Amino acid sequence: MDEMPSGDRELLLAAIAQLEKAYAPYSNFHVGAAARLSDGDIFIGSNQENASYPLCMCGERVALYNAAANKPNVPVDAVAITIKNQHATIDKPVSPCGACRQVISEFEYRHKQPIRIILKSDSPEVYVLNSVADILPLGFNATFL
Ligand code: THU
């Protein structure tokens, strides 16, 4: 993290701070996320679970929807995502689930700009992706509709 640009580090620290706010009594897998908008504002999120399991909502989607609900017309430049498995040490960055990749893709399409994705788990290394296209090849979007 020491080698990261200060803006990315700040965003990742905002995501890490969300880990303790996750509501994850069923999986015990906490996800913290933070989205930076092009105007510099940061919107946070964490995963929110439900006894009816399919209703669980991923942390990165909470952060992105929080951003969109507050500032619908401001593009998202970057999203940082981190995790804490309460029962295990995860020694490599965890990447977003398929549903979240699709949602990030929609945000890229909506604002016509790529979103940098910053990933960190328990190990010191950080992965930085320049676009969700790197982890969602041949994605589906509105151009097909
Ligand atoms: N989860 C996320 O928040 N983001 C992901 O990309 C993958 C999974 C959450 C959902 C659920 O609360 C817990 O992690 C275990 O799947």
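Just so you know, these numbers use all the heavy atoms, side chains as well, and skip hydrogens, waters and symmetry mates. As the structure lists them, so they are numbered: ligands from 1, and atoms in each ligand from 1. Just so it is clear, the structure is predicted and the values come from calculations on it, not from any experiment.
Geometric assessment of Arg61 against the ring of Tyr65 yields a negative cation-pi assignment under the 6.0 Å and 45° thresholds. The side-chain tip of Lys21 does not point at the ring of Tyr23 from less than 6.0 angstrom away and within 45° of straight on.
Applying the under-4.5 Å side-chain rule to Ile, Leu, Val, Met, Phe, Trp and Tyr, the cluster around Met4 extends to Met1, Leu11, Leu12, Leu13, Ile16, Leu19, Ile42, Ile44, Ile118, Val126, Val128.
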Original post:
Under the side-chain contact (heavy atoms from CB on, under 4.5 Å) criterion, do Asp41 and Val74 qualify, and how do the steps go?
Top reply: CA-CA 10 Å; Asp41 272 7; Val74 183; over 6 Å; no

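Using a heavy-atom distance under 4.0 Å as the criterion, the protein contacts of ligand 1 are Ser27, Phe29, Val31, Asn47, Glu49, Cys58, Gly59, Glu60, Pro96, Cys97.
When the salt bridge (Lys or Arg N to Asp or Glu O under 4.0 Å) test is applied to Asp39, the partners found at least two apart in sequence or on another chain are Lys71. With sequence neighbours left out, Asp77 forms a salt bridge (Lys or Arg N to Asp or Glu O under 4.0 Å) with no residue at all.
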